[in-house]
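In this chain, residues are counted from 1 in sequence order. All ligand and atom numbering here is 1-based and tracks the order in the structure.
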Amino acid sequence: MQQNIKRAVIPAAGFGTRFLPATKATPKEMLPIVDRPTIQYIVEEAIESGIEDILIISGHAKRAIEDYFDSAPILEMSLEKSGKLDLLKMVRDTADIRIHYIRQREMKGLGDAILTAKAFMAGEPFAVLLGDDVVYHPKKPALKQLIDVFEEYGRTVLGCQTVPHEKVSSYGIVEGNQLDNHRILKVSNMIEKPSPEEAPSDLAVLGRYIITPAIFEILENTEPGKGGEIQLTDALKVLAQREAVFAYDFKGKRYDLGDKLGFLKAQVEFALRRDDLGGDFKTYLKELAASEFTI
Ligand code: UTP
């Protein structure tokens, strides 16, 4: 069967204030996990999930993202001359992906960023991937799991996982009724960044979505919400009143790259998984843990 979801949007216009000062001149999406920018992991997940065209929402000081996915003739020539063919392939591969860009003029929030993708999506359902959440699954990417749920239900699917109760105020939290498939809920309510007392559950939306195009008209009429920003959660809540919206508890280990500790954990665990680094790095970590390391 042919997959319906072929287009994805990656909003990347935010200021990345939690990673200042690095993000003053370097986009948050270009901070590397080991030796690849975080956005590379996101783009690879999209492609492995069958996505063919990716729209990146770009903004202030984000030129480096466009350069990264562009060809680099001088660098390529130099690598070719010096016979570094593995590196040459790596550099060329990133320029082969069909990536498009649009600028968000004012940082008015994630909902506003998604709205800039309206024309590109041409009335079709589409995927959204946020760079703050990187998910490791050895077999099936998180986005592909969501696409499979969409293929079955034909409506919006929100990628979710349970978060610690004391952390709910960092996320959009969903409430709903569980279906026979225990990983899927029909959403009845959503709250953006609730306090632990107001949170209806601990199930948080974590940076992966398949959304029907009905969202655009709703976003056009969504007033700024929490933090004075146009919140995607507010629009999804309205969508859930008009048509079915499902929350899917996806499988895989998720890293919170928006958080410094989460970012460090991702560095360590992705390095440990690497064939070329994992062994030596593990030995180093063991020695470090056994030593009386002082600051
Ligand atoms: P965040 O709330 O994590 O914002 O946005 P941020 O600017 O990236 O990071 P902090 O909180 O200041 O450290 C979630 C996603 O939505 C995008 C961001 O780039 C990020 O991928 N976004 C947010 C936009 O594209 N435009 C906006 O106006 C706001």
Side-chain angles (χ1 to χ4, degrees), residues 8-33 37-43 45-46 54-66 68-69 99-121 126-135 142-143 158-161 163 167-173 190-194 204-209 211 215-216 219-220 222-236 254-264 266:
V9 54
I10 302 179
F15 288 123
T17 49
R18 283 170 292 174
F19 276 86
L20 279 169
T23 46
K24 190 177 167 197
T26 306
K28 180 167 80 173
E29 297 73 15
M30 291 302 294
L31 300 178
I33 301 176
T38 56
I39 197 162
Q40 168 90 31
Y41 292 84
I42 303 294
V43 164
E45 179 184 333
I54 296 173
L55 179 68
I56 295 182
I57 315 289
S58 172
H60 171 76
K62 301 282 181 173
R63 271 271 310 277
I65 300 178
E66 293 178 37
Y68 180 74
F69 289 110
I99 299 201
H100 316 259
Y101 301 90
I102 193 164
R103 276 197 161 230
Q104 186 186 12
R105 294 193 175 272
E106 264 182 87
M107 304 316 136
K108 290 197 281 189
L110 178 58
D112 181 66
I114 300 292
L115 187 53
T116 62
K118 181 180 175 184
F120 185 82
M121 297 312 170
F126 60 97
V128 179
L129 301 102
L130 302 190
D132 275 356
D133 298 293
V134 166
V135 185
L143 188 69
L158 315 175
C160 296
Q161 279 190 345
V163 295
K167 296 257 174 85
V168 288
S169 59
S170 302
Y171 302 98
I173 299 293
M190 296 182 70
I191 309 182
E192 180 65 18
K193 300 190 171 67
V205 184
L206 297 177
R208 299 291 181 276
Y209 314 70
I211 307 182
I215 197 73
F216 292 120
L219 280 170
E220 279 162 350
T222 301
E223 296 293 328
K226 268 231 162 106
E229 295 193 338
I230 298 178
Q231 295 289 353
L232 180 61
T233 304
D234 293 343
L236 287 168
R254 170 247 173 188
Y255 298 88
D256 179 4
L257 301 188
D259 171 75
K260 290 191 185 80
L261 187 59
F263 191 79
L264 290 172

For F120 and Y101, I'd like to know if the aromatic rings sit close, meaning centre-to-centre distance below 6.0 Å.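 Centroid separation for F120 and Y101: 6.0 Å or greater.
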Discussion item. Before we go on, tell me: are the rings of F19 and F263 under 6.0 Å apart, centre to centre?
Written reply: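 Centroid distance F19-F263: below 6.0 Å, so yes.
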For K193, side chain to side chain donor-acceptor pair (under 3.5 Å) partners two or more places apart: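 So K193 forms no side chain to side chain donor-acceptor pair (under 3.5 Å) with any residue.
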Subject >> Heavy-atom pair of closest approach, residues A235 and T222 >> reply: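 In this case the closest contact between A235 and T222 is CB-OG1, 3.8 Å.
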Counting N and O atoms only, with roles assigned by atom type, does the side chain of K62 sit under 3.5 Å from a partner on the main chain of P27, one being a donor and the other an acceptor?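 Judged by distance alone, no pair lies under 3.5 Å.
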Q) Does a sphere of radius 6.0 Å around NZ in K226 hold more than 12 heavy atoms from other residues, nucleotides or ligands, not counting ones at 6.0 Å or beyond? A)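 Yes, because the 6.0 Å sphere around NZ of K226 holds more than 12 heavy atoms from other groups.
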Neighbouring residues of ligand 1, heavy-atom cut-off under 4.0 Å |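 Within 4.0 Å of ligand 1, protein side: P11, A12, A13, G14, F15, G16, T17, R18, K28, E29, Q104, M107, K108, G109, L110, A113, D132.
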